[in-house]
Every structure is written in C-alpha cells, then in structure tokens.
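A short worksheet on the structure shown next.
Letters A, B, ... are given to chains in the order of the sequence lines, protein chains preceding strands, and every chain is numbered from 1. Here the structure is a predicted model, which is why all the values come from computation and not from measurement.
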Amino acid sequence: MGRYHYVFPRWTNLLLPGAIFMAMVAPLYVVYVVAYGFSPMTTDVGYAPDQVIEYSHKLHAGELGIDCRYCHNTVEYSAKASIPPTQTCMNCHTQIHKDSPKLEALRQSYEKGTPVTWTRVHDLPGYAYFNHSAHVNRGVSCVSCHGRVDRMDVVQQMQPLSMGWCLDCHRNPTENLRDPSEVTNLGWSFKGTEQELVDYHDFWQDHNNINPSQDCSTCHR
Amino acid sequence: MPKMLLYILLIGLIALLIPPALIATERSTVKKKPRVHLVQDMDNQHRYKAQQANEFFEDGRAMRPPVEGTVARNKLNDDAHFIKGLVGDEWATTFPGQIDVTVDLIHRGQNRFNIYCLPCHGEAGFGDGIIHQRAFKLVTAGVNGTTWVQPKSLHEKAIREQPIGQTFNTITNGVRTMAGYGDQVPVGDRWAIVAYVKALQRSQFAQDSDLPAGTNRSELQFEKLPEQETPDETTDDATNPQDEAEQS
C-alpha cells in the first residue's frame with residue numbers, strides 16, 4: 001500500500017476544537033459588538049452639532065451668569081424647555097455686538113420674522129413622553145441630565161436618555177434631589193459633612209413627597 | 001499548517017478587532033455629524049413635535065403663530081388694571097385685585113427679578129449689572145458697533161416716585177432702549193417683580209418710622225452702599241439715603 005493521497009495532514013486535527021471554540025466565542029463577540037455599538041452611549045452621547053450661530057452657553061450662562069430660565073423660560077411651566085425665540089437674544093443684541101458677523105443669521109431672522117434654524121441636540125423617540133416641569137419643580141437639577149452646560153461652548157449630549165437611564169433615577173432619585181430654588185445653579189455643591197448631605201437629600205425627598213412613577217403609562221402615553 | 005492559512009487566520013483575527021476599536025473611538029469623541037439609528041423602531045413618527053421645522057409653511061415653522069387679532073379660548077383678559085397697569089387713562093397706583101401683596105409675593109418677585117432683571121440692573125437695582133459692565137467695555141473698545149445706554153438705577157427719584165402701573169408697563173413693554181419682558185414673564189410674576197422693586201427701593205430709603213418701635217437708631221450698623229460707576233442726575237437726594245433719613 002502506497003501513501004494515501006487524500007489523508008489529512010496532522011494539523012487538521014486542530015480544526016475541530018478550533019471550530020468549536022469559534023462557535024462559542026463568535027456569539028459573545030456579536031452580542032458585544034451589537035450591544036455596545038448600538039447603545040445610545042455610542043450613538044448619541046457626545047453628539048454636539050455645530051449651530052448656525054456660534055452661540056456659547058459658556059459665555060452667556062457661565063461667564064455672564066444669565067440664569068437658564070431667562071432664555072428657557074417655559075422650563076418650569078411646561079413639558080418643553082424650549083429654545084428661545086430671536087426676540088430673547090435681541091433684548092441685548094440690538095445693541096451689544098450689533099454688527100458682529102457671528103450674529104448675521106440672528107439679524108436675518110429678526111428682520112424677516114423667520115425662525116433661526118437651530119439643530120436639535122437631545123431628542124427622545126416619538127413614543128416617549130418627557131416633562132421638564134415635573135423634574136425641575138421637584139428639585140432635579142439640569143446638571144443631572146444635561147451636564148455642565150454652563151461650561152460648554154457647543155451643547156453636547158452627556159447622558160444616554162435611554163429608558164434604562166430614566167428608570168435608574170426613577171427607582172432611586174434621592175441623590176439627585178436638591179432645593180428646587182437651586183436647580184439652575186449648575187455649579188452648586190453641598191457644604192457640610194457626608195452625613196449632613198444624606199440628611200439633606202432625605203429632607204427634600206420627604207418634604208416634597210417624591211416618589212417617581214415606574215408605570216409604563218408615565219412615559220408612554 | 002500551510003503558511004497561507006495561518007496568514008488568513010491572523011488577518012481575520014485582526015479584522016475582528018476593528019469594530020470594537022471603531023466603537024471605542026465613537027464613544028470617546030465629540031460627534032458633529034447627524035446621528036445614525038439603524039433600527040428605527042418608530043422613533044420618528046408622522047407628526048410634528050414642538051419647535052420642529054415644516055417645509056409646508058413659508059416661514060418653516062410647524063408651530064403656527066396665532067393669527068393676528070385673534071384670542072385663544074379662555075385667554076381673553078380685558079382687565080386693563082391687571083394686564084396693562086392702567087386705571088382709566090392713568091397709571092395704576094395700587095395693585096390689581098387679582099394680586100395679594102404678601103411676603104410670599106415679594107419673595108417670588110425677588111426670585112424673578114434675579115433671573116430677568118439682575119443681569120442688567122444689578123442685584124440691588126443700581127443699574128450696574130454684569131451685562132452693563134461688559135457692554136460698557138465693548139463700547140469703549142469699539143467692538144462690532146456696540147452701543148449701550150446704562151440701565152437706569154431703580155433708586156433714581158423719578159423711578160422711585162413713578163406709579164406702580166408705570167413700572168409694570170416698563171416690564172411688559174419696555175422703555176426706549178430696554179426691551180419688554182411681557183412675552184417671557186407671565187403677568188402674575190410681573191406684578192410680583194413690581195412688588196419686589198418697590199421693596200428694593202424702600203430698602204435704600206428707609207425712614208426712622210420704618211424701624212420697629214423701640215429700636216435705637218444709633219445702635220444700628222449700616223452697611224456701605226456699593227459705589228456707583230456713573231453718578232446719576234439726582235445725586236443730591238439719591239446717593240446717600242442715610243442723609244435723607246436723617247433730614248426727615
């Protein structure tokens with residue numbers, strides 16, 4: 001008997017265990033790539049589109065210290081915080097930096113009565129309902145959901161705004177609560193010992209009787 | 001093992017590292033381009049949300065402004081005292097019936113004043129807010145055609161003595177170079193601001209008779225008033241309230 005022409009070489013013995021190993025690892029790999037790749041932490045967090053006007057929160061809300069509610073004046077009354085109308089900017093900019101090239105789009109809008117085409121940064125899906133006034137008046141600060149906007153030249157999305165993220169806080173809101181009069185003070189921090197801080201959070205939870213709902217119909221209505 | 005196969009295997013393994021690497025960079029960088037959601041799941045439905053754009057209308061707004069001259073149901077308010085600060089043809093000198101002047105109202109007014117007025121008029125109302133200071137610098141440096149009129153000190157005689165209806169009207173419709181805040185501040189809050197402005201003015205011109213009975217004036221400590229950048233026309237009676245209090 002001569003040598004069999006079709007005998008597999010010795011290294012092919014590795015193929016079977018190799019294939020089994022791959023079959024076990026591949027699903028994990030796919031799950032990882034899909035879970036991380038499609039998570040809002042990847043697709044949405046860090047979104048910071050350039051706007052038609054180089055408007056800076058760092059300058060207006062940070063350096064000049066204008067309160068958020070000067071511009072987002074519906075945030076305490078309604079579901080929407082609202083982007084301010086041109087008139088709000090023009091309270092100051094009819095005079096300040098009157099001829100600035102950076103404000104060209106603003107002047108156009110003012111003269112023609114057309115809106116400035118700001119690009120939306122935070123955007124929940126159409127089937128989810130969110131309400132600013134329910135949070136802001138209960139002592140949840142803008143900083144919990146939007147980060148230090150007063151330090152951003154361009155607004156950037158800081159939180160995933162996913163259902164899991166909403167529920168994390170709705171299940172345990174205590175640490176995000178503060179005196180409702182300090183909600184727009186993004187740089188606010190508690191002065192006192194750790195125990196006092198815990199008491200402070202508990203106080204506001206009890207005081208306002210805060211118990212966020214986890215019913216589906218709260219956010220899907 | 002044939003070399004060829006080994007290389008293919010190695011390249012394959014390296015290729016598998018590419019998606020995680022892309023994901024990692026995507027997570028750690030600021031994104032400027034529009035978001036991509038591969039699985040749409042009814043994220044965007046066929047309706048318009050607040051402040052969305054709609055090409056159908058010439059001005060591009062999906063939210064339609066009310067037709068001029070129309071009033072929404074239940075929104076008609078023809079009480080001139082409440083919404084205009086007018087009684088007959090004169091500025092009102094009293095608060096309208098809808099407003100209860102209480103300590104709470106004044107606190108509300110303080111809170112609103114600090115949001116809407118403080119940037120220009122300053123915390124104590126002397127017309128020295130941060131916007132004034134910045135604008136003043138820009139005018140001096142001649143940047144971008146900036147012009148500026150100093151916000152009035154609310155402690156000027158003419159403003160202290162004006163009827164409250166007129167102050168209310170200033171907030172609602174503005175005066176000269178100051179824009180109106182009627183669209184930004186609801187009517188009740190505007191009256192609250194008026195109440196606070198009155199309290200602020202009184203605080204700078206307190207009389208002996210304002211002190212609780214039995215207080216010995218000479219025992220009180222007075223804080224120095226902040227210095228004003230430009231003394232106003234009514235200097236004689238406005239800059240030093242202590243003097244005035246002493247005269248009376």
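- For A:V121, the part lying near chain B is the backbone, with the side chain staying farther off; criterion is any non-hydrogen pair under 4.5 Å.
- Ranked by heavy-atom pairs under 4.5 Å with chain A, the list B:R134, B:E26, B:M178, B:K33 is led by B:R134.
- Aromatic rings of B:F136 and B:W148 (six-membered ring for Trp) have centroids beyond the 6.0 Å cut-off, not under it.
- With chain A as partner, the option from B:K49, B:Q52, B:M42 having the largest number of non-hydrogen pairs under 4.5 angstrom is B:K49.
- Contact of A:R10 with chain B is not made at all, since no heavy-atom distance falls under 4.5 Å.
- Chain B is approached within less than 4.5 Å, heavy atom to heavy atom, by A:L59, A:E63 from residues 52-63 of chain A, ordered by number.
- Looking at A:V33, both its backbone and its side chain come within 4.5 Å of chain B, counting heavy atoms on both sides.
- Proximity to chain B (any heavy atom under 4.5 Å) is shown, for A:T12, by neither the backbone nor the side chain.
- Contacts between A:L103 and chain B at a heavy-atom distance below 4.5 Å are absent for every atom of the residue.
- Contact tally against chain A (heavy-atom pairs below 4.5 Å) for B:D183, B:I131, B:V143: the top residue is B:I131.
- Classified by interplanar angle (parallel below 30°, tilted 30° to 60°, perpendicular above 60°), the ring pair A:H135/A:F130 is parallel.
- For A:P49, the parts lying under 4.5 angstrom from a heavy atom of chain B are both the backbone and the side chain.
- Only the side chain of A:E76 comes within less than 4.5 Å of a heavy atom of chain B; its backbone N, CA, C and O stay farther away.
- Residues of residues 107-116 of chain B having a heavy atom under 4.5 Å from any heavy atom of chain A, listed by number: B:R108, B:N111, B:R112, B:I115, B:Y116.
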